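For clarity, every value in this text was computed on a predicted model and none was experimentally measured. In the text below, chain A, chain B and the rest are named by the order of the sequence lines, each starting its count at 1.
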There are 2 protein chains.
Amino acid sequence: MRRIAPDRDQLLGIVAEVFREHGYEGASLTLIGEATGLGKGSLYHFFPGGKEEMARAVIAHIDGWFEDNVFVPLRDAVEPLAGIGQMLEATDSYFRSGRRVCLIGAFALDESRALFAGQIGSYFGRWVVHLARALERSGHPPGEASELAEEAVAAIQGALTLARAANDLDVFSRALRRQRMRLGLPAKI
Amino acid sequence: MRRIAPDRDQLLGIVAEVFREHGYEGASLTLIGEATGLGKGSLYHFFPGGKEEMARAVIAHIDGWFEDNVFVPLRDAVEPLAGIGQMLEATDSYFRSGRRVCLIGAFALDESRALFAGQIGSYFGRWVVHLARALERSGHPPGEASELAEEAVAAIQGALTLARAANDLDVFSRALRRQRMRLGLPAKI
DNA sequence: CCGACATTGTACCGATCGGTACAATGAGTC
DNA sequence: GACTCATTGTACCGATCGGTACAATGTCGG
């Protein structure tokens, strides 16, 4: 009987955090081992493909979370603005209001991109496309919807960088608030 | 007589490119040596502090370029909008219309931030502050100017990430065009 | 208890990491 | 030519890198 490690989700979450903090090159197997409490024996048992497979699994795991909590609401919400609101809530929650950085965005920047270009492009591409469609459904003409969507996703990525650089979480909150307004949502209480 | 290597600028530019492509951890001395044509003997002669000093010098070099080509125009242009226009031109030129990534932004994301937090914070902080002041001079109330400035710098960073992720330079051009409009500049010919 | 298989710890591999030591060379001044 | 000092190539250091091998465990169903 195929048995999935009962907490593979948790495991991938921990590994993700190591990649997030140190980047692909900087995340050594030693660091991953310390963070997860697993030795190399276990790590290579779960990820025979080694570090690259770990990273690939982590990206897929994050991708799945966004699919469920961001893309699906954008696509399926009867009221498109409600879906967009859920996207912003989920985004704020996922990035812990700016404490966390976007692993996939970080991978996009350096040469590790070469290994994961497909996954990276798909993640951001779907984010932009689903948001653009929701914006169209909420009344924006297609071209404008695309621009707004691209701008919103880029604004989130940039705000993560800037918040981290300035060591000021408010940078991220302000960026999300501006996007709320720009995308047609009422100011938050 | 103190003699500065005649092309220290060029040297720092090459080293910067290696850090940009591979990140701080990923930029090995071997890669740096190959890119510059210098052996370890030479590298440690010019940078006795090793890799960390190289990175610090590279950041300072970039910072200086932005000081001269971005911050000074923002601060000193008689017509603030002209200064903002120069900022956008210089930015487009520096990042090669999205082909290049922001090394300082990349360093802000992973743990190498711990080493360079001061330089990183200063670079982005000055960018935002100088832009905000130019916006005030061009007629925006202070609070609005700060928000616009922060948004513009974040939009540029985010667009670099997104352009790289999507492997589509137009993402960056579109972001710059939107910022032109948002900051009060006429649409470009 | 037994066999099957999932999981683990440990020892080890060659390669590469950042860094050091130092002698040899280059280029300029006197 | 002799002295100075900047520059370089090479050999080497211990540590760590990602990865492999494998025997020793744990954990099941039967």
Side-chain angles (χ1 to χ4, degrees), chain A residues 1-59 61 103 106-107 110-116, chain B residues 1-59 61 103 106-107 110-116:
Chain A
M1 180 204 287
R2 184 75 50 86
R3 202 163 70 80
I4 301 289
D7 38 354
R8 180 176 167 94
D9 271 13
Q10 193 188 338
L11 174 58
L12 284 177
I14 297 174
V15 178
E17 216 58 50
V18 182
F19 278 121
R20 227 188 297 273
E21 291 294 320
H22 299 87
Y24 182 69
E25 298 277 356
S28 69
L29 293 185
T30 303
L31 282 172
I32 296 173
E34 285 169 359
T36 58
L38 297 178
K40 290 190 179 184
S42 306
L43 287 174
Y44 274 84
H45 174 71
F46 293 121
F47 306 99
K51 192 172 164 178
E52 185 175 332
E53 183 181 339
M54 295 179 211
R56 230 173 267 282
V58 159
I59 297 176
H61 186 242
L103 183 153
F107 279 12
D110 61 34
E111 268 304 298
S112 54
R113 182 184 75 130
L115 287 172
F116 313 113
Chain B
M1 182 203 286
R2 184 75 50 86
R3 201 162 71 80
I4 301 289
D7 39 352
R8 180 176 169 94
D9 270 15
Q10 193 188 340
L11 174 57
L12 284 176
I14 297 173
V15 177
E17 217 56 51
V18 182
F19 279 120
R20 227 187 297 273
E21 291 295 319
H22 298 87
Y24 182 68
E25 298 277 354
S28 70
L29 293 184
T30 303
L31 282 172
I32 296 173
E34 284 170 358
T36 58
L38 296 178
K40 290 189 179 186
S42 306
L43 286 174
Y44 274 82
H45 174 73
F46 293 121
F47 306 99
K51 192 172 164 178
E52 184 175 332
E53 183 180 341
M54 294 180 210
R56 229 172 269 282
V58 160
I59 296 176
H61 187 243
L103 183 152
F107 278 13
D110 61 35
E111 269 304 295
S112 56
R113 182 187 73 131
L115 287 172
F116 313 113

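The side chain to side chain contact (heavy atoms under 4.5 Å, CB included) search around B:Ala106 returns A:Leu109, not counting sequence neighbours.
In this structure, the nucleotide among D:dG18, C:dA6, D:dT8 sitting nearest to the side chain of A:Ser28 is D:dG18.
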Could you go through nucleotides 19-23 of chain D and list every protein N or O atom that sits under 3.5 Å from one of its N or O atoms, giving the distance for each pair?
unit_1: D:dG19; atom_1: OP2; unit_2: A:Tyr44; atom_2: OH; d: 2.7
unit_1: D:dG19; atom_1: OP2; unit_2: A:Lys51; atom_2: N; d: 3.0
unit_1: D:dG19; atom_1: O5'; unit_2: A:Tyr44; atom_2: OH; d: 3.1
unit_1: D:dG19; atom_1: N7; unit_2: A:Lys40; atom_2: NZ; d: 3.1
unit_1: D:dG19; atom_1: O6; unit_2: A:Lys40; atom_2: NZ; d: 2.4

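A:Lys40 places no side-chain N or O within donor-acceptor distance of the main-chain N or O of A:Gly33, the cut-off being under 3.5 Å.
Annotation: side chain of B:Glu25 is not in contact with side chain of B:Ser112 (no heavy-atom distance under 4.5 Å). Proximity of A:Glu52 to A:Phe116: side-chain heavy atoms (C-beta onward) are separated by under 4.5 Å at one or more points.
Across the protein-nucleic acid pair, B:Leu31 atom CG and C:dC17 atom C1' stand 11 Å apart, rounded to whole Å. Taking atom CZ of residue B:Phe46 and atom C1' of nucleotide D:dA6, one finds them 8 Å apart after rounding to whole Å.
For A:Thr30 and D:dC17, the shortest distance from a side-chain N or O to OP1 or OP2 is below 4.0 Å. Applying the 4.0 Å criterion to OP1 and OP2 of D:dA6, one finds that B:His45 has every side-chain N and O outside that range.
Ring geometry for A:Phe107 versus A:Phe19: interplanar angle over 60°, hence perpendicular rather than tilted (30 to 60°).
Sorted by residue number, the list of members of residues 16-24 of chain A with any non-hydrogen atom under 4.0 Å from DNA chain C is empty.
Here B:Leu103 contributes atom CG and B:His61 contributes atom NE2; the two are 12.0 Å apart, rounded to the nearest 0.5 Å.
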